[in-house]
Amino acid sequence: MGKLLKEITPKSQDYSQWYTDVIKKADMVDYAPVKGFMVMKPYSYRMWEFIQAALDQKFRETGHQNAYFPLLIPEHLLIKEAEHVEGFSAEVAWVTMGGNEVLAERLAVRPTSETVVGAMYSQWIQSYRDLPVLINQWANVLRWEKSTRPFLRTTEFLWQEGHTVHRTAAEAEAETRQQLETYHEMMESLLAIPVVAGAKSAGERFAGAIETYTLEALMGDGKALQSATSHFLGQNFAKAFDIQYLDEDGTLKFGWTTSWGSSTRLIGALIMVHGDDKGLRIPPRVAPIQIVIVPIGRGNDREPITRYAKTLIGKLTASFRVKLDDRDEFTPGYKFNDWEMRGVPLRIEIGPRDLAQQQVMVARRDTGEKIAVGEESLRDVLAQLLDQVQDTLLQQARQYQYENTFAVENYHEMAHHNFRGFFMGDWCGQETCADQLKQETSVTIRCLPFDTELAGTGCIVCGRSGQHRALFARAY
RNA sequence: CGGGGAGUAGCGCAGCUUGGUAGCGCGCCUGCUUCGGGAGCAGGAGGUCGCAGGUUCAAAUCCUGUCUCUCCGACCA
């Protein structure tokens, strides 16, 4: 325990440093040779694969197909939608050379793919019979960010971006909401992260969107993290890229498009929502290793224990992701701490006493609780415990969010909470109020949550009558 | 992009003020003993001091430039 503190800075002492310590000590990332880039090591990449698998399945179930669009986008395409290019111009990386030749037109490394997708869709779509187009791609994108943090904001990141075209506004709008719901469900059931769903205010919308929906999660330091977004693009991109179809009535009409995305940033959210001073706590459903087995004993004890551990592995691998830590060079105590740092949900200890009693000790990462389990019921108990850990992490995160969500009548009240947490308040709808708030407190409007009502106490900034109930917070 | 801090062995650091044979802890390798919450002893390997210039008989140390990490702000998934 004493040595542990040397390795991971306590959250309460320095949250940023804690985060950096955890991702390094849990063997999730390494820094790359180019500034702002990171290597996702196998342990974190595996988590991404679980997220991918869950989303991909859901996308398919809702009628979407995967495709892949090019990494490079010619400048003339990128600049077609005026608002869009303005929103992204400051963070686009350009390719200007091909081999030894200077290119006639420079090529943008995609910051997102609406433009190149739009250019292709305009060629693919002729008739209302071609609609809807429901395509998703798994890709990397590049945004030249000024300050970067592993997972939360890196220059290159992995994500999925869905791009759809619909015949009617209502259908596109429904698609936008449906995809947000897909993310919502995945975050709670897989990552055990509660979120607030809502619409972005005009000032916070995606560049070129009519409406942006978002999921906002509360991190352990009281800051909000935008975790997934879904955009209703209206006909903005259809007009810019000439995505038209001949409708049943014989007239040419513009399609209605959407786009929606979620990224490896989700892993950053997972770390900050569930981690504690001992390190990571990974929800079992995304844990690369769900159960680690630590054999205890030396000399004459060792051989039968190892043999037993191996038969146990054989029995459990069909149902769980299990690992036997039979490293010779570390003591059990070291291994306990090591796997706790890496966030493995359950640990099985097998020592001479257990062998004699035909039982094992099972320790939970989330609560620290340790129980003896008889061999015959082991598989069922483990399955139950994994569910319980998954559930407990979600409940704890919900509790934390609940305890750190405050209704305010004017923005000065936020100071009582050090501007940390979710703040619910009325907003008059004027951007000037949002700007003033941000200027003075760094707090921004995270979203206008669905299914909320005005408190009637007036705009928290100017006091005029409110137009929207809004979620305010400082954000990553 | 602005303001702080930091780059010396795999990791964490000292040495720099006042230039003169590169050190400590952990880790690593070998051997023996150890194992229910970060084991002990003994021996050993490992460094062009971030990079590039400059000053000097001599640079980890002084000067200039540059790159990277980190924290805090402004900009963004």
Could you tell me how far apart [X] ([atom1]) and [N] ([atom2]) are, to the nearest whole angstrom?
X        : N     : atom1 : atom2 : result
A:Tyr334 : B:C26 : OH    : P     : 14 Å
A:Ile8   : B:C11 : CD1   : P     : 18 Å
A:Asp27  : B:C11 : CG    : P     : 13 Å
A:Glu329 : B:U30 : CD    : C1'   : 14 Å
A:Lys25  : B:G38 : NZ    : P     : 18 Å

Let's test this: given Watson-Crick or G-U wobble pairing with both distances under 3.5 Å, identify the partner of [N].
N     : answer
B:A39 : B:U33
B:G19 : none
B:U68 : B:A6
B:A74 : none
B:C28 : B:G44
B:U55 : none

Practice task
Name all pairs fulfilling the ring pair (Phe, Tyr, Trp, His ring centres under 6.0 Å) condition that reach into residues 324-374 of chain A, sequence neighbours left out, sorted by first residue then second.
Solution key: A:Phe330-A:Tyr334
Exercise for the section: Quick one: which residue pairs count as a ring pair (Phe, Tyr, Trp, His ring centres under 6.0 Å) with a foot in residues 278-307 of chain A, not counting sequence neighbours? Expected result: none
Exercise for the section: Determine, for nucleotides 68-77 of chain B in 5'-to-3' order, which nucleotides have protein heavy atoms under 4.0 Å from the base (write B), from only the sugar-phosphate (write S), or from neither (write -). Expected result: SSSSS-BSBB
Atom pairs, N/O to N/O, protein against nucleotides 31-34 of chain B, distance under 3.5 Å?
residue, atom, partner, partner atom, Å
B:U34, O4, A:Arg298, NE, 3.0
B:U34, O4, A:Arg298, NH1, 2.7
B:U34, O4, A:Arg298, NH2, 2.7

Exercise for the section: Please list, chain by chain and in numerical order, all residues satisfying side-chain hydrogen bond (donor to acceptor under 3.5 Å, both in side chains) with A:Ser16, sequence neighbours excluded. Expected result: none
Practice task
Kindly write out the residues that satisfy side-chain hydrogen bond (donor to acceptor under 3.5 Å, both in side chains) with A:Tyr476, not counting sequence neighbours, or none if the list is empty.
Solution key: A:Asp221
Same-atom distance ([atom1]) from [N] to [M], integer angstrom:
N     : M     : atom1 : value
B:G4  : B:U64 : P     : 15 Å
B:U34 : B:C26 : P     : 22 Å
B:C49 : B:G2  : C1'   : 30 Å

Exercise for the section: Please list all pairs passing the side chain to side chain donor-acceptor pair (under 3.5 Å) test where one or both residues lie in residues 206-216 of chain A, with sequence neighbours left out. Expected result: A:Glu173-A:Tyr213, A:Lys200-A:Glu216, A:Thr212-A:His231, A:Thr214-A:Glu216, A:Glu216-A:Arg446
Handout entry: Carboxylate-amine/guanidinium proximity below 4.0 Å for A:Arg364 and A:Asp366
Key = yes
Problem - Chi angles and distances behind the ring pair (Phe, Tyr, Trp, His ring centres under 6.0 Å) call for A:Phe237, A:His84 - result: CA-CA 9 Å; A:Phe237 284 83; A:His84 184 72; 5.1 Å; yes
Exercise for the section: Could you list by number each residue of residues 346-373 of chain A showing a heavy-atom separation from RNA chain B of less than 4.0 Å, or answer none if no residue does? Expected result: A:Arg347, A:Glu349, A:Gly351, A:Pro352, A:Arg353, A:Asp354, A:Met361, A:Lys370
Classify the side-chain pair [X]/[Y] by whether it contains a donor and acceptor separated by less than 3.5 Å.
X        : Y        : value
A:Gln384 : A:Gln388 : no
A:Asp435 : A:Gln439 : no
A:Glu114 : A:Ser259 : yes

Practice task
Could you tell me which residues satisfy ring pair (Phe, Tyr, Trp, His ring centres under 6.0 Å) with A:Trp138, sequence neighbours excluded, listed by chain and number?
Solution key: A:Trp48
Handout entry: ring pair (Phe, Tyr, Trp, His ring centres under 6.0 Å) against A:Trp427, all qualifying residues, sequence neighbours excluded
Key = A:His468
Completion exercise
Applied to residues 38-50 of chain A, the salt bridge (Lys or Arg N to Asp or Glu O under 4.0 Å) test, sequence neighbours excluded, yields A:Asp27-A:Lys41, A:Arg46-A:Glu49
Write down the protein N/O and nucleotide N/O pairs, taken from nucleotides 42-45 of chain B, whose separation is under 3.5 Å; answer none if there are no such pairs.
none

Exercise for the section: Output, in order, the C-alpha distance, side-chain angles, deciding distance and verdict of salt bridge (Lys or Arg N to Asp or Glu O under 4.0 Å) for A:Lys438 and A:Glu204. Expected result: CA-CA 12 Å; A:Lys438 183 174 181 179; A:Glu204 300 275 339; 5.2 Å; no
